[in-house]
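Comments concern the structure below.
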Amino acid sequence: MSTQKRPTFTWLGHAAVRCDLPGGEVLVIDPFLTGNPACPPESKDFERLDLILVTHAHGDHMADAVALAQEHDALVIATYDLCEWLSAQGVERVSGMNLGGTQRALGLRISQVRADHSSGFLHDGQPVYGGVASGFVVRADDGWSFYHAGDTALFSDMALIGELYHPELAFLPIGDHFTMDPEQAARACGLLGVKRVVPIHWGTFPPLVGRPADLEHALAARRVATEVVTLSPGRPWAMAA
Ligand code: NI
Ligand code: MN
């Protein structure tokens, strides 16, 4: 285990997470950067970007996806229906998938999993169906893995995500109002059986009232052993073993 190379994660505020792989490739999940009040200006530009994962079609998760994909010729992975729309917007490289499936990209296994949320939006005043909302589990062949839940309510089948994919780290929304609150996120940690959790989707906008300290208290009250890793936007964190 000591020779295992592990990635570095940088929270970009809200649900946007950058992942720098040991081989130098860069992926980003839910790029919402230009309009994101929590994203440091110096973190909005990528010197390189290989892969973009989009959990669902809301602007606070994909506002920068088209521009970033075009600038870097990055591959975009999202629900099939959303990829059709992204293609129509001029994204050249898409690989649509759906819940329950796994595909390889950058040598990683990317599995799309359920999220209890919506995924529609208005474009030029017309409603667009963005497919179902989702989360992703990303697994490397040499052992490390993580789950990004996107926006979701708590659902008991998170236990199945734990049983099927064994993610060691989870990025979970805790803000409340549009997603789980910290109490529900603590239950999610118990269902998933993750070693560590990074709280996301909090602090960006006034309705998102959940805080990492609330999650820590809820985990302790429920005697769930998951460690809370609270990241500061723009500051890289080397994934602990
Ligand atoms: Ni959403
Ligand atoms: Mn959201």
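Counting from 1, the numbers follow the sequence of the chain as shown. The model shown is predicted, which means the values in this text are computed figures rather than measured ones. Just so you know, ligand 1 is whichever comes first in the structure, and atom 1 is the first atom listed for that ligand.
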What protein N/O/S atoms are there under 2.8 Å from the Mn ion (ligand 2), waters excluded?
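Per the 2.8 Å query on the Mn ion (ligand 2), atoms found are Asp60 OD2, His61 NE2, Asp151 OD2, His201 NE2.
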Please calculate the OD2(Asp151)-the Ni ion (ligand 1)-NE2(His117) angle and round it to 10 degrees.
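With the Ni ion (ligand 1) as the vertex, OD2 (Asp151) and NE2 (His117) sit 90° apart.
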Output the atom name for the N/O/S atom of His58 with the smallest distance to the Ni ion (ligand 1).
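Minimum-distance N/O/S atom of His58 relative to the Ni ion (ligand 1) is ND1.
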I'd like to know if the side chain of Gln89 reaches the main chain of Val66, judged simply by a donor and an acceptor atom lying under 3.5 Å from each other, with no hydrogens or angles considered.
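No, because the side chain of Gln89 does not come within donor-acceptor range (under 3.5 Å) of the backbone of Val66.
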Side-chain contact test, heavy atoms from C-beta onward, threshold under 4.5 Å: evaluate it for Arg187 versus Met180 and give yes or no.
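A side-chain contact under 4.5 Å is absent here.
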Stacked cation flag Arg114 on Phe155, 6.0 angstrom / 45 deg
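The answer is yes; both the distance and angle limits are met.
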Assign the ring pair His56 / His117 to parallel, tilted or perpendicular, where the plane angle (0 to 90°) is split at 30° and 60°.
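Perpendicular, since the angle between the ring planes exceeds 60°.
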Please confirm whether the ring centroid of His14 lies under 6.0 Å from the ring centroid of Phe32.
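Centroid separation for His14 and Phe32: below 6.0 Å.
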Is it true that Lys195 and Glu168 have a side-chain N and a carboxylate O under 4.0 angstrom from each other?
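Glu168 and Lys195: not salt-bridged.
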Mark yes when over 12 heavy atoms from residues, nucleotides or ligands other than Phe46 sit less than 6.0 Å from its CZ; otherwise mark no.
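Yes - once you tally the heavy atoms of other residues, nucleotides and ligands closer than 6.0 Å, there are more than 12.
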The Ni ion (ligand 1) to His56: any N/O/S contact under 2.8 Å?
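It does; at least one qualifying atom falls short of 2.8 Å.
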